[in-house]
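One structure below.
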Amino acid sequence: MREGSCPFGLWHVHVAWEDDLVSRVRFLRYPAAGGAPEQFTRYLAGDPNGLAGLRSVATEGESVFARIYRAVQAVPYGETTTYGEVAGRVGTVPRVVGTAMRLNPTPLLVPCHRVVAKDGPGGFSPALELKQALLSLERGKRTY
DNA sequence: TAAAAACCGCGGG
DNA sequence: CCCGCGGTTTTTA
């Protein structure tokens, strides 16, 4: 298993992967020893198709969460959907979608930042600021 | 271990 | 404002 990071503003995007399969993505305040896959660098530089070719472990299987993650992955770059909308498509309730987003092992690859509340931004860990930065990045506005 | 309670990145009443 | 929804985590025994 390989691990590395690339910078994003005040943060560093840490990635754990093997070949094209990504098992973990995290936002930390310090860099890793090595670099992240170039796809992440491209995405964070504003390339809409930067992440193409990478898979996430989170989307495998038939669990409710896996189906939620697949539904979220289907949300196009630069667009948003709501917790309730995803819930309806998967056959569960909004609250569970929120839980799945909170526990998302591979943010960015499963673009949980594109899921917002019906009226409001919804949440994001470790910082809501990151969700806003990612959304404005996809709108073509570089915050960082 | 197993069962119960608490906890939520929500939404509708 | 309050309560149910359903899946996860924490607490309790």
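Throughout, a chain's letter reflects where its sequence line sits, starting with A, and its residues are numbered from 1.
- For the residue pair His113(A) and Gln132(A), no side-chain donor N or O sits within less than 3.5 Å of a side-chain acceptor on the partner.
- Using a 4.0 Å heavy-atom distance criterion, Gly84(A) is classed as a sugar-phosphate-only contact.
- Between the CG atom of Leu130(A) and the C1' atom of dG9(B) there is a distance of 14 Å, given to the nearest Å.
- When each of Leu109(A), Thr106(A), Leu21(A), Val25(A) is tested with Leu54(A) by the rule side chain to side chain contact (heavy atoms under 4.5 Å, CB included), just one qualifies, namely Leu109(A).
- The listed nucleotides are dG12(B), dG9(B), dC10(B); the one nearest the side chain of Lys118(A) is dG12(B).
- Of the inter-residue distances, the one linking Cys112(A) atom SG with Phe124(A) atom CZ reads 4.5 Å to the nearest 0.5 angstrom.
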Atom pairs, N/O to N/O, protein against nucleotides 5-11 of chain C, distance under 3.5 Å?
none

Dot-bracket pairing map - DNA chain C, Watson-Crick plus G-U, both contacts under 3.5 Å, | cross-strand: ||||.||||||||
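- The line from CZ of Arg26(A) to CH2 of Trp11(A) is 12.5 Å long, rounded to the nearest 0.5 Å.
- Using a 4.5 Å cut-off on side-chain heavy atoms (C-beta onward), Glu129(A) and Leu10(A) make contact.
- If you take OG on Ser56(A) and CG on Asp20(A), they are separated by 11.0 Å, rounding to the nearest 0.5 Å.
- Counting only N and O atoms by type, the side chains of Tyr43(A) and Glu38(A) include no donor and acceptor under 3.5 Å apart.
- The CE atom of Met101(A) sits 9 Å away from the C1' atom of dG9(B) (whole-angstrom rounding).
- One can place OH of Tyr69(A) at 12 Å from C1' of dG9(B), the figure rounded to the nearest angstrom.
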Arg114(A) vs Glu138(A), side-chain contact (heavy atoms from CB on, under 4.5 Å): CA-CA, chis, key distance, verdict: CA-CA 10 Å; Arg114(A) 295 179 197 149; Glu138(A) 296 193 358; 2.9 Å; yes
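- In this structure, Leu128(A) places its CG atom 12 Å from P of dG9(B), rounding to the nearest Å.
- Spacing between atom CD of Glu85(A) and atom P of dG12(B) amounts to 12 Å, rounded to whole angstrom units.
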